[in-house]
Novice: 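Before I ask anything, here is the structure I am working with.
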Amino acid sequence: MVSSVQGAFLKFLVQMSKATRVLEIGTFTGYSALCMAEGLKGRGKEAKVVTLEKNIEYFKVAKENIESSGLGHLIELKLGNAIDTLLNLDNTVQYGLIFIDADKGNYINYYNIVLERNLLSDDGIIVADNVLFRGLVSQVTKTKETKDLSKISSTVKHLHSFNEYIANDRRTTQVLLPCFDGITLIRKNF
Ligand SMILES: C[S@@+](CC[C@H](N)C(=O)[O-])C[C@H]1O[C@@H](n2cnc3c(N)ncnc32)[C@H](O)[C@@H]1O
């Protein structure tokens, strides 16, 4: 779950962007969805955070939190595996900000589906969380030199692969901010 400062940062990004639609991959208790919904206030009837969660217990907790927040009209929860949900989302609707914060092994898949299905608006940004994972991601590069990657967790390896993958992807421009747990901002190239 994002910290309160990161929540304020997400709200700020939504306010700065022209987004009326925000897509979140990974709801948990709904905290970051609520922060981003705060940033959508005053953006009209179309304004919505669509947030995806596969775990029914977290989904129920998030639903309760969102309903009691007074921001329920700005948030739509979708239960299910995010890959399936993304593949079935109406792609005539584009999102101005897409926050990737679910299972790290699927970050590359989420990124590719978002771009291939054209879910990101032309002036939109993708925000990917935990890309430095407690500073451990840098260990992958160091350990590669000694060739002993067995002690590195799969989460950390997945995030390293994601960082390398997007850095080599000519479809987008990215900036990795070494704040919070590492956060990358990504926009489309033309
Ligand atoms: C780090 S938490 C999200 C935290 C939330 N964004 C926040 O800051 O308040 C990640 C969430 O993604 C969900 N998740 C993991 N894999 C998923 C998948 N394949 N599809 C949908 N949700 C998934 C987990 O159940 C968990 O609730």
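Whatever order the structure lists ligands and atoms in, that order sets their numbers, starting from 1.
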Novice: What is the nearest protein non-hydrogen atom to atom 7 (C) of ligand 1, stated with its residue, atom name and distance?
Specialist: Ser32 OG, 2.9 Å
Novice: What protein heavy atom sits nearest atom 4 (C) of ligand 1, and how far away is it?
Specialist: Asp101 OD2, 3.3 Å
Novice: Assign the ring pair Phe180 / Phe9 to parallel, tilted or perpendicular, where the plane angle (0 to 90°) is split at 30° and 60°.
Specialist: tilted
Novice: Near Thr27, which atoms of ligand 1 are under 4.0 Å from a heavy atom of that residue?
Specialist: 5 (C), 9 (O)
Novice: Between Glu67 and Lys63, does any side-chain N to carboxylate O distance fall below 4.0 Å?
Specialist: yes
Novice: Is there a nitrogen or oxygen of Asn55 sitting under 3.5 Å from a nitrogen or oxygen of ligand 1?
Specialist: no
Novice: Could you tell me whether Phe12 atom CZ has more than 12 heavy atoms of other residues or ligands within 6.0 Å of it?
Specialist: no
Novice: Checking contacts here: is it the side chain or the backbone of Tyr58 that comes within 4.0 Å of ligand 1, counting heavy atoms only? Could be both or neither.
Specialist: side chain
Novice: Inspect the contact between Glu46 and Arg21 and indicate whether a charged nitrogen and a carboxylate oxygen are less than 4.0 angstrom apart.
Specialist: yes
Novice: I need the nearest protein heavy-atom contact for atom 8 (O) of ligand 1: residue, atom name and distance, please.
Specialist: Val2 N, 2.9 Å
Novice: Compute whether any side-chain donor of one residue and acceptor of the other, for Gln6 and Asp129, lie under 3.5 angstrom apart.
Specialist: yes
Novice: Based purely on interatomic distance, does Phe99 place a nitrogen or oxygen under 3.5 Å from a nitrogen or oxygen of ligand 1?
Specialist: no
Novice: Is it the side chain (CB and beyond), the backbone, both or neither of Tyr110 that lies under 4.0 Å from ligand 1, heavy atoms counted?
Specialist: side chain
Novice: Looking only at protein heavy atoms, which one is nearest to atom 14 (N) of ligand 1, and what is the separation?
Specialist: Ala102 CB, 3.8 Å
Novice: Should we say atom NZ of Lys188 is surrounded by more than 12 heavy atoms from elsewhere, each under 6.0 Å from it?
Specialist: yes
Novice: Is it the case that the side chains of Thr172 and Tyr111 hold a donor-acceptor pair, with the cut-off being a distance below 3.5 Å and no angle test?
Specialist: yes
Novice: Looking only at heavy atoms, is any part of Thr29 under 4.0 Å from ligand 1, and if so is it the side chain, the backbone, or both, or is it neither?
Specialist: neither
Novice: Looking at residues at least two apart in the chain, or sitting in another chain, which of them share a salt bridge (Lys or Arg N to Asp or Glu O under 4.0 Å) with Asp84?
Specialist: none
Novice: Looking at ligand 1, is there an atom of it that comes within less than 4.0 Å of some heavy atom belonging to Gly80?
Specialist: yes
Novice: Between the candidates Met1, Glu53, Lys78, Lys54, which shows the shortest non-hydrogen contact distance to atom 25 (O) of ligand 1?
Specialist: Glu53
Novice: Is it true that, when you exclude Glu116 itself, more than 12 heavy atoms of the residues, nucleotides or ligands shown sit nearer than 6.0 Å to its CD?
Specialist: yes
Novice: Please indicate whether any nitrogen or oxygen in Gly26 is less than 3.5 Å from any nitrogen or oxygen in ligand 1.
Specialist: yes
Novice: Going by heavy atoms, is Glu24 under 4.0 Å from ligand 1?
Specialist: yes
Novice: Suppose we measure from atom 17 (C) of ligand 1 to each protein heavy atom; which comes out shortest, and what is that distance?
Specialist: Asp103 OD1, 3.5 Å
Novice: Just to confirm my output: which protein heavy-atom neighbour is closest to atom 20 (N) of ligand 1, and how far is it?
Specialist: Ala82 N, 2.8 Å
Novice: State, without any angle test, whether Asn118 and Asn91 hold a side-chain donor-acceptor pair at a distance under 3.5 Å.
Specialist: no
